[in-house]
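Following: one structure in structure tokens, then a few remarks.
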Amino acid sequence: NLKSTLKVNGKLTLPPQNQAQVSILTGGIVKTINVTEGIFVKQGQTLATIVNNEVIQLQQDYLENKSQLVYLNTEFKRQKELQEDRINATKILQQVQNELSIAQAKQKGLQTKLQLQGINAANISTANFTNRIAVTAPISGFIHHINLTMGKFADANTILFDIVDNRFLHLDLTLFEKDIAKVKIGNKIMFTDVSHTHPATIFSLNKSFEDNQQAILAHAKIEGQTETLLPGMYVEARIQIEDYKTTSLPGDAVVSNGDEHYIYIEIKKNHYKQIAVKTGVTD
């Protein structure tokens, strides 16, 4: 059972959904930094806290509107009962209903803004206003870079943390035009980094050439452990493009003279016949 392989070069990459750049919507002073570079964090874990007094006003607006909603709900019920008894004008009921709808929309908007700042609106009361914004991890992964120091003013939309989840590394292999037809989804691969050999399997093939070259990318899923592998590493890979049984000989049995190849068949003891052959797959 001989295997025919295709030698290609590639690079280890991460899908975009498994790498993240963390920033905040509003600036503030860095109060705490809860992580260090290289450690693993879970999705939703607090990475740092930022002090910003503008969020106090946001919480105040939320509570004021919440109180207004209570009043408008009561007033709407009262006006509806009066309307049913034909005591008040329809216009008054419609006006209260309009004010209630506006207040409800505002409440939803304020609640969403607070949520984006990492503040749970359900826990807000006049006794526990906070001026701290929690910076949380959008994905699970390893902290790659921290762009923060204690007491520094963190600008809005500035990248504060880089997170990568190396558990989802895959191979991007360069297939040149002449080799594209030889490769298909499901082909097995063996690739090497600096010191180890790893197995992988092709799971997709790009359908257009890369910029400035007649080549496409083949994507392969790595099988087994990937602790020694890092995004951006260049690797050499061999794609197993055929797997079939054939009659074979040891390589030493083939004698070559330029482009001509021969084997020798024993006719009788110490008597041999030279046969010209064409060499095929070797493994």
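Everything numeric in this text was worked out from a predicted model, so none of it was measured.
Side chain to side chain, Asp61 and Gln57 meet the donor-acceptor criterion of an N or O pair below 3.5 Å.
Hydrophobic clustering of Ile, Leu, Val, Met, Phe, Trp and Tyr side chains at less than 4.5 Å, counting indirect connections, keeps Ile29 apart from Ile133. The cluster map of Ile, Leu, Val, Met, Phe, Trp and Tyr, joined by side-chain heavy atoms under 4.5 Å apart, puts Val30 and Val41 in the same cluster.
Residues Ile202 and Ala218 approach most closely at CD1-CB, 4.3 Å, considering heavy atoms. Heavy-atom minimum distance, Gly10 versus Leu173: CA-CD2, 3.9 Å. Taking all atoms of both residues into account, the shortest heavy-atom contact from Ala154 to Leu160 is CB-CD2, 4.0 Å.
Rounding to the nearest 0.5 Å gives a distance of 12.0 Å between CD1 of Ile189 and CD1 of Ile241. Here the CD1 atom belonging to Ile239 is positioned 13.5 Å from the CE atom belonging to Met190, to the nearest 0.5 angstrom. Distance check: Leu230 CG to Leu12 CG gives 8.5 Å after rounding to the nearest 0.5 Å. Between the CD1 atom in Ile159 and the CD atom in Gln21 there is a gap of 3.5 Å [rounded to 0.5 Å]. How far CG of Leu169 is from CG of Asn18: 9.0 Å, rounded to the nearest 0.5 Å. Rounded to the nearest 0.5 Å, atoms OH (Tyr62) and CG (Leu69) are 9.0 Å apart.
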Show your working on side-chain contact (heavy atoms from CB on, under 4.5 Å) between Ile163 and His144 and close with a plain yes or no.
CA-CA 5 Å; Ile163 302 176; His144 171 58; over 6 Å; no
Pair Gln68, Glu64 - check side chain to side chain donor-acceptor pair (under 3.5 Å), show working.
CA-CA 6 Å; Gln68 179 72 0; Glu64 288 176 355; over 6 Å; no
Verdict with supporting geometry, Leu6 and Arg238, side-chain contact (heavy atoms from CB on, under 4.5 Å):
CA-CA 5 Å; Leu6 177 67; Arg238 290 189 177 273; over 6 Å; no
Yes or no on side chain to side chain donor-acceptor pair (under 3.5 Å) for Thr136 and Thr46, after CA distance, side-chain angles and deciding distance?
CA-CA 4 Å; Thr136 58; Thr46 298; over 6 Å; no
I'd like to know whether Tyr272 forms a side-chain contact (heavy atoms from CB on, under 4.5 Å) with Ile265, so could you lay out the CA-CA distance, the side-chain angles of the two residues, the decisive distance to 0.1 Å, and finally the verdict.
CA-CA 5 Å; Tyr272 298 89; Ile265 296 176; over 6 Å; no
Assess whether side chain to side chain donor-acceptor pair (under 3.5 Å) is satisfied between Gln274 and Tyr264, documenting all intermediate values.
CA-CA 5 Å; Gln274 176 180 278; Tyr264 292 84; 2.7 Å; yes
Gln19 vs Asp162, side-chain contact (heavy atoms from CB on, under 4.5 Å): CA-CA, chis, key distance, verdict
CA-CA 8 Å; Gln19 48 188 323; Asp162 282 320; over 6 Å; no
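Checked by atom type and distance alone, the side chain of Gln45 pairs as donor or acceptor with a backbone atom of Lys42 at under 3.5 Å. Side-chain atoms of Thr201 never come within 3.5 Å of backbone atoms of Gly186 as a donor-acceptor pair (strictly under, hydrogens ignored). A distance-only check finds a donor-acceptor pair linking the side chain of Asn65 to the backbone of Ala103 [under 3.5 Å]. Listed for the Asn206 side chain is no donor-acceptor partner under 3.5 Å among the backbone atoms of Ser208. Checking side-chain atoms of Gln97 against main-chain N and O of Phe76 turns up no donor-acceptor pair under 3.5 Å. Remark: the backbone N or O of Ser256 is not paired with any side-chain donor or acceptor of Glu260 at under 3.5 angstrom. Ser67 places no side-chain N or O within 3.5 Å of a backbone atom of Leu63 that could act as its donor or acceptor partner.
Applying the side chain to side chain donor-acceptor pair (under 3.5 Å) criterion to Asp172, with sequence neighbours excluded, gives Thr13, His170, His219. Partners of Glu236 according to the side chain to side chain contact (heavy atoms under 4.5 Å, CB included) rule, which considers only residues two or more places apart in sequence or in another chain, are Lys7, Asn9, Thr192.
Considering only heavy atoms from C-beta on, Leu217 stays 4.5 Å or farther from Phe209 through its side chain.
One finds a salt bridge joining Arg78 and Glu75 here, because a Lys/Arg side-chain nitrogen approaches an Asp/Glu carboxylate oxygen to under 4.0 Å. Ion pair Lys188/Glu223 flagged as a salt bridge, since at least one NZ, NE, NH1 or NH2 atom sits closer than 4.0 Å to an Asp/Glu carboxylate oxygen.
Around CD of Gln115, the count of heavy atoms belonging to other residues, nucleotides or ligands within 6.0 Å does not exceed 12. Surrounding OH of Tyr262 are more than 12 heavy atoms belonging to other residues, nucleotides or ligands, all under 6.0 Å away. Atom NE2 of His261 is surrounded by more than 12 heavy atoms from other residues, nucleotides or ligands within 6.0 Å. More than 12 heavy-atom neighbours from other residues, nucleotides or ligands sit within 6.0 angstrom of CZ on Phe40.
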